[in-house]
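Reviewing the structure listed below.
Residue numbers start at 1 and run along the sequence shown.
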Amino acid sequence: MIALADFAGRWALTRRIDDALTDEISTMTGQAVFTPVPGGLDYGETGRLVLAGQAAMTATRRYLWRADGRAIAVMFADERAFHRFDPGAGTPSALHDCPPDRYEVEYDFDCWPRWRARWRARGPRKDYAAVSCYAPWAGAENPE
């Protein structure tokens with residue numbers, strides 16, 4: 001069974017974002033680093049984000065991952081709750097309800113150590129699906 005500590009380290013990260021409102025596709029290529037800290041892992045990602053019709057830019061994101069029994073609690077960098085999932089569940093999923101928006105995630109660990117997070121976000125001004133693919137880091141020249 002996958003545990004919180006199994007995520008520690010550097011991962012190659014690719015993301016595809018399909019925007020249903022604009023019918024545009026955006027991509028991000030970079031890395032995610034899970035750094036051990038007291039109580040869990042700090043998650044930091046950085047990458048090259050390409051939005052349709054715009055110049056590429058650097059994108060960053062940070063979360064806190066903490067053990068919560070068999071589950072993993074994911075929090076925003078300011079420690080507000082984001083979502084919680086059980087990596088041992090058949091298809092781990094979670095919901096983050098942030099009215100008027102709603103975010104749903106489904107994790108896929110079937111090909112561990114390669115894994116995915118599939119997000120669906122809906123709200124008055126958003127309707128997109130994003131798939132983030134993670135693979136063990138293979139250095140600066142990663143084919144992911």
Side-chain angles (χ1 to χ4, degrees), residues 1-22 24-99 101-123 126-144:
M1 177 164 137
I2 299 166
L4 178 64
D6 296 327
F7 292 94
R10 186 178 309 268
W11 300 82
L13 169 62
T14 60
R15 180 173 296 130
R16 177 184 164 125
I17 306 161
D18 293 285
D19 191 321
L21 293 180
T22 62
E24 295 176 334
I25 297 171
S26 301
T27 60
M28 202 270 288
T29 304
Q31 63 180 321
V33 179
F34 289 84
T35 304
V37 295
L41 300 171
D42 279 354
Y43 170 97
E45 70 177 46
T46 185
R48 182 175 181 264
L49 177 63
V50 180
L51 300 172
Q54 298 182 34
M57 65 187 87
T58 299
T60 62
R61 187 177 288 176
R62 185 167 169 258
Y63 296 109
L64 307 172
W65 283 38
R66 303 295 185 251
D68 186 8
R70 287 184 29 178
I72 295 172
V74 181
M75 296 175 286
F76 293 105
D78 64 4
E79 299 188 10
R80 288 178 298 124
F82 183 26
H83 68 279
R84 181 181 180 279
F85 70 96
D86 179 352
T91 304
S93 61
L95 168 70
H96 176 71
D97 200 17
C98 184
D101 302 323
R102 181 180 175 97
Y103 301 84
E104 299 172 56
V105 62
E106 182 177 286
Y107 289 93
D108 179 352
F109 300 115
D110 288 346
C111 295
W112 183 264
R114 294 178 179 268
W115 55 284
R116 297 173 193 239
R118 293 180 181 93
W119 285 93
R120 185 75 172 118
R122 292 186 177 109
K126 64 181 70 167
D127 185 359
Y128 67 85
V131 178
S132 299
C133 299
Y134 298 82
W137 183 255
E141 296 299 323
N142 194 303
E144 292 295 311

Q.
Counting the benzene-type ring for Trp, do W119 and F82 have ring centres under 6.0 Å apart?
A. yes
Q: Please name the pair of heavy atoms, one in L13 and one in A32, separated by the smallest distance, quoted to 0.1 Å.
A: CB-N, 4.2 Å
**Q.** Pair D127-R122, side chain to side chain contact (heavy atoms under 4.5 Å, CB included): steps then yes or no
**A.** CA-CA 4 Å; D127 185 359; R122 292 186 177 109; 3.9 Å; yes
**Q.** Point-to-point distance, once rounded to the nearest 0.5 Å, from NE2 of H96 to CZ of R102
**A.** 11.5 Å
Q: Decide yes or no for I72 and P87: does some side-chain heavy atom of the first lie under 4.5 Å from some side-chain heavy atom of the second?
A: yes
Q) Which heavy-atom pair separates L4 from G40 by the least distance, and what is that distance? A) CD2-CA, 3.9 Å
Q: Please round to the nearest 0.5 Å and tell me the distance separating atom SG of C133 and atom CZ of R16.
A: 10.5 Å
Q. Can any side-chain N or O of R66 pair as donor or acceptor with the backbone N or O of L41 at less than 3.5 Å?
A. yes
Q.
Which residue in the set W115, Y134, Y63 passes ring-ring contact (aromatic ring centres under 6.0 Å, His included) when paired with F7?
A. W115
(Q) Test: side-chain hydrogen bond (donor to acceptor under 3.5 Å, both in side chains). Region: residues 69-83. Which pairs qualify, not counting sequence neighbours? (A) R70-D86, D78-R80, H83-Y107
Q) What's the shortest heavy-atom distance between P113 and W11, and which atoms? A) O-CZ3, 2.8 Å
Q: Could you list all the side-chain hydrogen bond (donor to acceptor under 3.5 Å, both in side chains) pairs where at least one residue sits in residues 52-62, not counting sequence neighbours?
A: D42-R62
Q. Are any side-chain N or O atoms of R120 and backbone N or O atoms of Y128, one a donor and one an acceptor, separated by less than 3.5 Å?
A. yes
Q | Heavy-atom side-chain proximity of I17 to M28 below 4.5 angstrom | A | no
Q. Taking all non-hydrogen atoms of both residues, which atom of D101 and which atom of G123 are closest, and how far apart?
A. OD1-CA, 3.2 Å
Q. Looking only at heavy atoms, which two atoms of A81 and M75 are closest? And how far apart?
A. CA-CG, 4.2 Å
Q.
Are the side chains of R114 and P136 in contact, using a 4.5 Å heavy-atom criterion?
A. yes
Q | Taking every non-hydrogen atom, the tightest pair across F85 and S93 | A | CB-O, 4.3 Å
